[in-house]
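Comments concern the structure below.
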Amino acid sequence: MSSARAKPKKVYMLYSNGNYGWEFANLDSLQPNGGGLGLNHRGTPWPDSMLDLPRGPWRIPEYLEKPKLIFDPTRKVQDIYSVDYFLFISDKMKRLLDEFAPKSCEYLLCETKFSNGKVGPRIWLCSVVDSYLNAVDVENSPLIRVTRGGGYMISGGADWCFLPNVLRGAQLFRLVEYAVAFFCDQTFKDICKEKGIKGATFRQVGFLKQL
């Protein structure tokens with residue numbers, strides 16, 4: 001029997017490919033102060049610190065009205081778009097999340113239409129709310145620098161050493177110290193490929209530390 005150690009499990013950042021075929025119709029009307037989506041956009045304050053749980057900068061604000069999106073009828077609709085700290089997702093992507101990451105997200109159904117007046121696709125504003133503090137072994141992740149405020153500054157690479165005892169099997173999650181990004185494991189990446197999710201891209205950033 002081989003004594004070789006198992007390969008460490010990879011961890012990825014989840015992005016969208018940037019091929020957006022829509023625009024906001026009411027971005028400045030969502031909140032009283034014109035703060036857009038609300039995640040530190042245009043200086044909009046948050047009731048809690050960036051590093052505080054459970055709110056932090058990953059919960060959907062109580063908007064004055066639903067986000068309204070105008071789609072270009074000549075562009076194909078994707079299953080996922082990343083905007084600021086949020087995702088905008090199709091019904092297909094939501095079904096995947098409901099099945100494989102049921103406690104990881106919260107949602108708000110958007111209003112959509114095509115610019116030619118036809119009814120638009122069903123699109124959900126999605127926030128990944130499953131967030132973890134101190135889930136990276138910083139001492140063994142040399143490309144991460146910790147700021148005075150406790151956040152992470154990243155200089156690139158794929159050397160992040162994630163702590164499985166903190167993440168407890170999470171497949172889609174955020175790091176409190178780096179809330180702008182969405183992270184997932186290899187299993188979730190493979191599921192997106194298997195289900196034919198359009199628009200999702202992945203970049204390996206690290207691995208789960210072996211126990």
Side-chain angles (χ1 to χ4, degrees), residues 5-18 37 39 50-60 78-110 122-138 140-141 143-144 151-152 154 156-211:
R5 298 180 64 183
K7 292 183 179 180
K9 296 181 179 179
K10 297 177 181 179
V11 178
Y12 300 84
M13 278 189 189
L14 168 64
Y15 298 91
S16 60
N17 62 18
L37 292 175
L39 295 163
M50 285 284 289
L51 300 182
D52 282 347
L53 293 171
R55 185 167 176 80
W58 34 78
R59 307 309 297 258
I60 296 177
Q78 298 182 168
D79 294 306
I80 182 170
Y81 306 89
S82 60
V83 180
D84 292 341
Y85 291 57
F86 284 126
L87 299 172
F88 288 83
I89 63 172
S90 67
D91 273 350
K92 181 178 180 179
M93 185 66 183
K94 186 176 183 296
R95 287 194 296 270
L96 184 151
L97 293 173
D98 286 341
E99 181 176 358
F100 295 100
K103 298 181 180 180
S104 296
C105 303
E106 64 182 26
Y107 308 95
L108 176 65
L109 185 62
C110 300
R122 277 172 58 90
I123 297 292
W124 299 81
L125 172 63
C126 169
S127 184
V128 178
V129 296
D130 194 7
S131 306
Y132 295 87
L133 184 65
N134 299 321
V136 176
D137 182 352
V138 176
N140 288 302
S141 304
L143 297 179
I144 293 178
Y152 290 163
I154 311 302
D159 74 331
W160 300 29
C161 183
F162 291 82
L163 299 171
N165 57 322
V166 177
L167 293 174
R168 302 188 300 276
Q171 291 188 309
L172 178 67
F173 61 93
R174 291 188 196 264
L175 298 179
V176 174
E177 301 91 341
Y178 198 67
V180 67
F182 314 102
F183 298 87
C184 70
D185 66 359
Q186 182 71 51
T187 300
F188 188 84
K189 177 178 181 292
D190 293 343
I191 290 169
C192 287
K193 182 177 180 180
E194 177 186 335
K195 299 293 184 179
I197 296 299
K198 296 180 176 63
T201 61
F202 301 86
R203 178 170 68 88
Q204 185 189 348
V205 293
F207 53 89
L208 285 176
K209 186 176 183 178
Q210 292 183 324
L211 299 177

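Just so you know, these numbers use all the heavy atoms, side chains as well, and skip hydrogens, waters and symmetry mates. Quick caveat: nothing in here was measured; it's all calculated off a predicted structure. Positions are given from 1 along the sequence.
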Verify side-chain contact (heavy atoms from CB on, under 4.5 Å) between Val11 and Trp160, making sure each step is shown before the conclusion.
CA-CA 9 Å; Val11 178; Trp160 300 29; over 6 Å; no

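- Residues that satisfy the salt bridge (charged side-chain N to carboxylate O under 4.0 Å, His left out) test with Asp98, not counting sequence neighbours, are Lys94.
- Across every non-hydrogen atom of Thr187 and Gln171, the tightest pair is CG2-NE2, 3.1 Å.
- Note: Ser90 OG to Tyr81 OH = 8.5 Å, rounded to the nearest 0.5 Å.
- Under the side-chain contact (heavy atoms from CB on, under 4.5 Å) criterion, Tyr152 pairs with Val136, Val138, Ile144, Val146, Ile154, Leu175, Glu177, Tyr178, not counting sequence neighbours.
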Compile the donor-acceptor pairs under 3.5 Å between side chains in residues 99-109 and protein atoms, sequence neighbours left out, one pair per line.
{"from": "Ser104", "atom 1": "OG", "to": "Leu172", "atom 2": "O", "distance (Å)": "3.3"}
{"from": "Glu106", "atom 1": "OE1", "to": "Arg59", "atom 2": "NE", "distance (Å)": "3.2"}
{"from": "Glu106", "atom 1": "OE1", "to": "Arg59", "atom 2": "NH2", "distance (Å)": "2.8"}
{"from": "Glu106", "atom 1": "OE2", "to": "Ile60", "atom 2": "N", "distance (Å)": "2.6"}

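- Listed by chain and residue number, nothing satisfies the salt bridge (charged side-chain N to carboxylate O under 4.0 Å, His left out) test with Asp190 (two or more places apart in sequence, or in another chain).
- With rounding to the nearest 0.5 angstrom, the CG atom of Asp185 is 7.5 Å from the CD1 atom of Ile191.
- Atom CZ of Phe207 sits about 4.5 Å away from atom SG of Cys161, to the nearest 0.5 Å.
- Scanning for side-chain contact (heavy atoms from CB on, under 4.5 Å) contacts around Lys9 gives Leu208, with sequence neighbours left out.
- A distance of 10.5 Å separates CG in Asp159 from CG in Asp137, rounded to the nearest 0.5 Å.
- Using a 4.5 Å cut-off on side-chain heavy atoms (C-beta onward), Ser127 and Arg174 make contact.
- Between the Lys92 side chain and the Lys198 main chain, no donor and acceptor come within less than 3.5 Å of each other.
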Next item on the list: Check the pair Trp124 / Cys110 against side-chain contact (heavy atoms from CB on, under 4.5 Å), numbers first and verdict last.
Entry: CA-CA 6 Å; Trp124 299 81; Cys110 300; 5.9 Å; no

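- Side-chain atoms of Met13 and Phe183, non-hydrogen and from C-beta on, do get closer than 4.5 Å to each other.
- Residues Tyr85 and Leu37 fail the side-chain proximity criterion, which asks for heavy atoms closer than 4.5 Å.
- Applying the ring-ring contact (aromatic ring centres under 6.0 Å, His included) rule to Phe88 yields the partners Trp22, Phe24; only residues at least two apart in sequence or on another chain are considered.
- Residues passing the side-chain contact (heavy atoms from CB on, under 4.5 Å) test with Arg168, sequence neighbours excluded: Tyr132.
- Judged by distance alone, with hydrogens and angles left aside, the side-chain atoms of Ser82 form no donor-acceptor pair with the main-chain N or O of Tyr15 at under 3.5 Å.
- Partners of Gln78 according to the side-chain hydrogen bond (donor to acceptor under 3.5 Å, both in side chains) rule, which considers only residues two or more places apart in sequence or in another chain, are Asn17.
- Taking CZ of Phe188 as the reference point, atom NZ of Lys193 lies at 15.5 Å (rounded to 0.5 Å).
- Of the residues listed (Ile80, Ile89, Ile197), the one engaging Leu96 in a side chain to side chain contact (heavy atoms under 4.5 Å, CB included) is Ile197, and it is the only one.
- With sequence neighbours excluded, the residues that form a salt bridge (charged side-chain N to carboxylate O under 4.0 Å, His left out) with Arg122 are Asp91.
- Remark: Tyr12 engages Lys10, Cys184, Gln186, Lys189, Phe202, Gln204 in a side-chain contact (heavy atoms from CB on, under 4.5 Å) (not counting sequence neighbours).
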